[in-house]
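On a predicted model such as this, the values are computed, not experimentally measured, just so you know.
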Amino acid sequence: MERRSFLKASAALGCAATITGCKTSSDDANVVPPKPPVVEEVQTWSACLVNCGSNCPVKVFSSDGVITRVETDHETTDEYGVNHQIRACARGRSLKQRTYAPDRLKTPMKRVGKRGEGKFVPISWDEAASTIASELQRIASEYGNKSILKHYGTGAYYGFSSSACFNRILNLNGGFLNIYGNYSWAQQNEAAAATGFSSTSGSNLLALKDSDLFIGLGYNPSEMRQSGSGEGYDFLNALQSNNNLEVIMIDPRYTDSMVGKEDQWLAIRPGTDAAFAEAVAYEMISSGWVDKHSKAFLDKFCVGYDKASLEQLITDFKASGDDSKLQYIPYIKPEDNYKDYILGEGKFVDKGARTPQWAAKVCGIPEAKIKAIAAKIMNARAPFIVTGAGVNRHANGEQAMRACYMLSFLTGKVGQPGVSNGALPQQGSLSRSGLSGLANPVKEQISFFTWAEAIERGHEMTARNDGVRKTEDLDTPLGADVKAIFAINSNALINQHSDCNGTAKILEDDNKCELIVVCDCWMTPSAKFADILLPDTSWLESNDLVNDSYASGIMGYLVAMKAGIEPLWECKSMYDMCALIAEKMGKLGEYTEGKDEAAWLEELYQKTRTYSNNANAEPALPATYAEAQDIGVFRAFNGTAKLALDSYINGGKALGTPSGKVEIYSLSMALKGTEWNFNDKVKGDYITAIPQYQQTWEGYEDEDTKEDYPLQLVGFHTKGRTHSSYHNVPWLREAVEDAVWMNPIDAQARGLTQGVKVQVWNDRGTIELPVRVTPRVAPGVAALGQGAWYQPDTNRTGPSGHIVDVGGCINTLTRYQPSPLAKGNPQHTNRVQIAKA
C-alpha cells in the first residue's frame, strides 16, 4: 500500500518479526518479543452502496489511518420488526478487502494504447480536468449536446457526492442526451405501467400473514436481497409466521429462496412463463369459475377481459368528449379480447385454445401439474402471486410479465387481505435529500440499452423505429450520434451490456465515439475502454448521507457516513473532481454555489430532517449532520400490511392508464403496436394489446438455433457479487464459485463431470469456466451467475470464431436486440452449446 501511515505500521511489524527471529549466543534476549506500536482503534459508520437494493450500514474500525476491520450493524435487538439489526451480507463485510484491492485506481490516467487494451499513463488532476473540460466544450460545439451521453451506472448509490455531480457539469455545459429504463426492470416497468400500476407496487410481505397460497414466478429474494433489512429476510420471517401458507416456486433453477422453504418447485423452461400463465387462465375461464366468482370484479375494475368490456369502453370514450380518450378509439378492437384469445374463440380460433396440454409441451411443466396449480389458485382464500424480475429480462419480457399479472386479477380478489397484484412487493423507506444535477436543457431520451447503437446511427434513430422519446413526432430523428460518454461508477460500458465482443468493436473505434471518461475505484473491464480515467474515493473514505435505497425490505433507514480514513493516493470524491472540471469550464461558482462538502452535507441533512416519513426514525434525527455522523444509523420499521391497488380497489382512486382502470387490453400498447415499426426478420418483434405468449429468437421453440445450440442459457444473481461489483474480492470468488450449472442429463450426454473446465459458445462468443453438475437446474437449461468480469484471451480463438473470454462473462454470449416495447435487454434469452475445453 502506497500510504505513509500504513508503511509506518508495516515497518514496525516487520522490525518486530526481525528481532524475534534473530539467534544470538543467548536466547534470553528473545524470550519476550517486543510488541509493535498499537494505536487505539477509531470506529465510524459507512455503508455498502452497491446496487442490490439495500445500502447496508457497516462499522469501520481504523487505526493510524489504516482500516483494521469492518463489522456489520449489531446495535439493536435481533427481534424482527422491532427496528431490528441491518446485518450486511458477505459483500458488505468484505469492504476492507475491496478498498485495498490491488486494482484500485490511484491517480488520473489517460489512454496511450488502443481502446480496450488497458494501457494508460498517469497524469495530473489539472491535465485531466483541463482535457475533459476542453473536449466537452468542443464536442458540444461541434456536434451538439445530444451527442454527449451520461451512461447508465449504479455502482455507487451515494447521496451527495454522486454521479449527480457529473450531471451538474454536463448541464452547465448545455445538457446531455437522456436515457430511460434500466438493465434490471426495463420490460417489467413498461408492462406494469401499461397494465395500470408500478412493477414494485405489490402487497408488502407482511400481507402474507393473511394468505393461504404463495406463488413465486422467477422470484428469488434470498439471493437477491440478503440484507438483514432486506426482502429476503422479510420473506423468511413471513413464511415462519404463517405455517398454513403453501409455497410454490416456479423457476428454471432451484434457488436459495427455496431450499426447504417451498412446498413445491416447478422447473419451467426460460421464456415460457406466459405459456404457463395462459394455461392456468384457461382452466379458470373454461371451467366457468371466472364467470361465477370474479366476472363482476373484472367488469368493474378492468377493461379488455371480454368483447363486451371493450365495446363499452368505446361507448364511454365517445361520450366523454375528452380528446385524450378519443384518440384511442381507432385502436380499440373488441374482437382482440383476452377471453377469446385464451379459449381460442372468435378471431383466435386458428391459434387454438391455450390449454394445459398445449402449454406443457412449451414450458416443460406437466399438464397435470398445471391443472393442479390452477385448482389451488381457484380454491385459495387469499392467493399471493409474485412475478419476479427474472421473467422480464427476456426477448418477450413485457408480455411474459403481463401474462403472469393476469392470474391475480382473474381471481377477483386483488385488494383483499393477503392478496397481491402480481408485482414485486412494496418496500419501506426513509428519505434523504441529495445533490441536484440541475436542469437539463436536452429533452430527448433514448433507451438505456440502445446507447451503443446510437454511437453508429443516432442521427437517424426515431420514436417509430427505435423508441426515442420526446422528439417532435414519431419520425423526427434524434439527429446526433453519440460522440462522448461519461461512464460513472458503471461497468455497463462492456461487462453488463449485451454482446461484449460486438460492443468492444464499436468502442475500439475512437473516430466514432471520440471521448470516453470513466470514473471508478477499480480497473474494471469498462475502465479499460476509457480515454480518461478518474479515481474515485471508496465508500470507506467518504462522508455522505444515504438512505436504504430502493429495495431494502420493509424497514427504512438512514446512514450518516463518516470517512474512516483519508482518501488514498490521489483519489478524489466526485464532488471535488467535478469542481476541478467546472473551474476549467469557467463554471465553478455555478457548480459549487459557494459551498464546500461540509456545507452541502449540512444543508442536505437539514432538508432530510423535514421529510415527514423520517419523523418516526429511531433515534430521532439530531440537530446537526456532525451529530448524526456520531450516531450513524437511524431506522424505522412500519409493521402495517400494505395491499396492492388498495387506493384503487378500495378507495376509488383512478389508475394512470387511459381508461383509469386495470387494462388487460392495454390502450398504450395497442397504439404503439399499430404505429411503431418492427423488424419482421426478428422472431417475436411485435406488440399486442393483450398479453400473449410470444415465440422469440433463441427461445425454446426457435427451430433456427435449436440444432446448433441445444441448451437455453439463463443468468442469475449470485451471493458473491451485486451485478459485477465485488468480483475483484478473492474472498467472495472463493466462497461463491463461478461455474456454469448443468443438469446431470445434459452433462452426461456430453461426457462432462463435476468441476471440469468447459467452453460455452454461440455465434456471439465463447467463454471458458468450470461446470457444476447439479439437479438444481432444469434439463435443457444451463445457468450462469452474471457479473463475472470480461477477460478476453487474445491468444486463443474459440469455437465461435471469437477470442475466448476466460473471465466467464455471460454477456459475451448475450444478444443485442432491444425488446419490442421497452427497448430493453433480453439477457436471459440465449441458446448455447457446451463442451469440454
Side-chain angles (χ1 to χ4, degrees), residues 40-49 54-63 67-89 92-93 95-96 99 156-162 227-230 233 428-435 537-549 552-566 573 596-638:
E40 185 177 349
E41 287 182 322
V42 175
Q43 187 246 304
T44 55
W45 283 99
S46 188
C48 175
L49 305 182
S54 299
N55 285 343
C56 289
V58 292
K59 281 182 173 180
V60 182
F61 293 86
S62 60
S63 177
I67 299 167
T68 54
R69 55 195 170 101
V70 172
E71 293 186 3
T72 187
D73 168 39
H74 48 73
E75 298 298 290
T76 64
T77 176
D78 194 27
E79 181 182 352
Y80 177 78
V82 189
N83 287 343
H84 54 262
Q85 295 168 6
I86 311 165
R87 296 185 184 177
C89 73
R93 300 185 198 207
L95 276 171
K96 174 184 172 183
T99 300
Y157 270 85
Y158 285 108
F160 158 64
S161 191
S162 67
S227 166
S229 183
Y233 194 41
S429 186
L430 297 185
S431 300
R432 56 94 181 136
S433 182
L435 187 71
T537 48
S538 76
W539 308 326
L540 307 193
E541 302 156 52
S542 302
N543 297 293
D544 215 314
L545 178 65
V546 299
N547 72 343
D548 43 86
S549 196
S552 59
I554 294 166
M555 185 165 69
Y557 48 93
L558 293 165
V559 183
M561 297 166 53
K562 185 175 183 178
I565 56 174
E566 292 295 316
S573 71
D596 62 9
E597 176 186 276
W600 272 114
L601 285 168
E602 185 63 37
E603 178 178 309
L604 297 174
Y605 175 73
Q606 294 304 328
K607 289 182 181 178
T608 297
R609 293 182 68 212
T610 68
Y611 297 147
S612 59
N613 65 326
N614 294 340
N616 295 324
E618 293 184 2
L621 298 180
T624 67
Y625 173 69
E627 292 174 279
Q629 284 181 300
D630 289 338
I631 296 170
V633 184
F634 307 84
R635 63 196 95 202
F637 187 91
N638 186 339

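Taken from CG in Asp630 to OH in Tyr625, the straight-line distance is 10.5 Å, to the nearest 0.5 Å. From Leu430, atom CG reaches atom CZ of Phe634 across 10.5 Å, with rounding to the nearest 0.5 Å. For the atom pair Ser227 OG and Met555 CE, the distance stands at 7.5 Å (nearest 0.5 Å). A distance of 4.5 Å separates OH in Tyr158 from OG1 in Thr537, rounded to the nearest 0.5 Å. The structure places OG of Ser63 at 12.0 Å from CD1 of Ile565, a figure rounded to the nearest 0.5 Å. Atom CD1 of Ile67 sits about 7.0 Å away from atom CD of Glu541, to the nearest 0.5 Å.
Checked by atom type and distance alone, the side chain of Gln85 never pairs as donor or acceptor with a backbone atom of Tyr80 at under 3.5 Å. Side-chain N or O atoms of Arg93 include none that pairs as donor or acceptor with a backbone N or O of Thr72 at under 3.5 Å. For Thr608 (side chain) and Arg432 (main-chain N/O), no donor-acceptor pair under 3.5 Å exists by modelled atom type. When atom types are taken as modelled, the side chain of Thr76 and the backbone of Asn83 share a donor-acceptor pair closer than 3.5 angstrom. Between the side chain of Ser46 and the backbone N or O of Trp539 there is at least one donor-acceptor pair closer than 3.5 Å. Between the side chain of Trp45 and the backbone N or O of Ile631, at least one donor-acceptor pair lies under 3.5 Å. Under a 3.5 Å cut-off, the side chain of Asp73 and the backbone N or O of Ile86 do form a donor-acceptor pair. The closest donor-acceptor contact from the side chain of Asn55 to the backbone of Asn547 lies under 3.5 Å.
Residue-environment remark: NZ (Lys562) stays at or below the threshold of 12 foreign heavy atoms within 6.0 Å.
Considering only heavy atoms from C-beta on, Tyr611 comes within 4.5 Å of Ser433 through its side chain. Contact of the Leu545 side chain with the Phe160 side chain is not registered, since no non-hydrogen atoms from C-beta on lie closer than 4.5 Å. Under the 4.5 Å side-chain criterion, counting only non-hydrogen atoms from C-beta, Ser54 is in contact with Tyr557. Residues Arg87 and Tyr233 form no side-chain contact, since every pair of their non-hydrogen atoms from C-beta on lies 4.5 Å or further apart.
With Gln629 as reference, Asn543 is the one residue of Asn543, Thr624, Asp544, Thr44 to meet the side chain to side chain donor-acceptor pair (under 3.5 Å) rule. Here the rule is side chain to side chain donor-acceptor pair (under 3.5 Å) with Ser429, and of Asn638, Asn614, Asp548 only Asp548 fits it. Only one option out of Glu71, Glu75, Glu41 pairs with Lys59 in a salt bridge (Lys or Arg N to Asp or Glu O under 4.0 Å); it is Glu75.
For the pair Arg635 and Val633, the tightest heavy-atom approach, listed with the atom from each and the gap, is NH2-CG1, 3.7 Å. Across all non-hydrogen atoms, the minimal contact from Ala88 to Pro57 is CB-O, 4.3 Å. Ser573 and Ser161 make their closest contact through CB-OG, 3.4 Å (heavy atoms, listed as atom of the first residue, atom of the second, distance). Listed here is the closest heavy atom pair of Val58 and Ala47: CG2-N, 3.8 Å.
Taking the ring centre of Phe61 as origin, the terminal cationic atom of Arg69 falls inside the region bounded by 6.0 Å and 45° from the ring axis.
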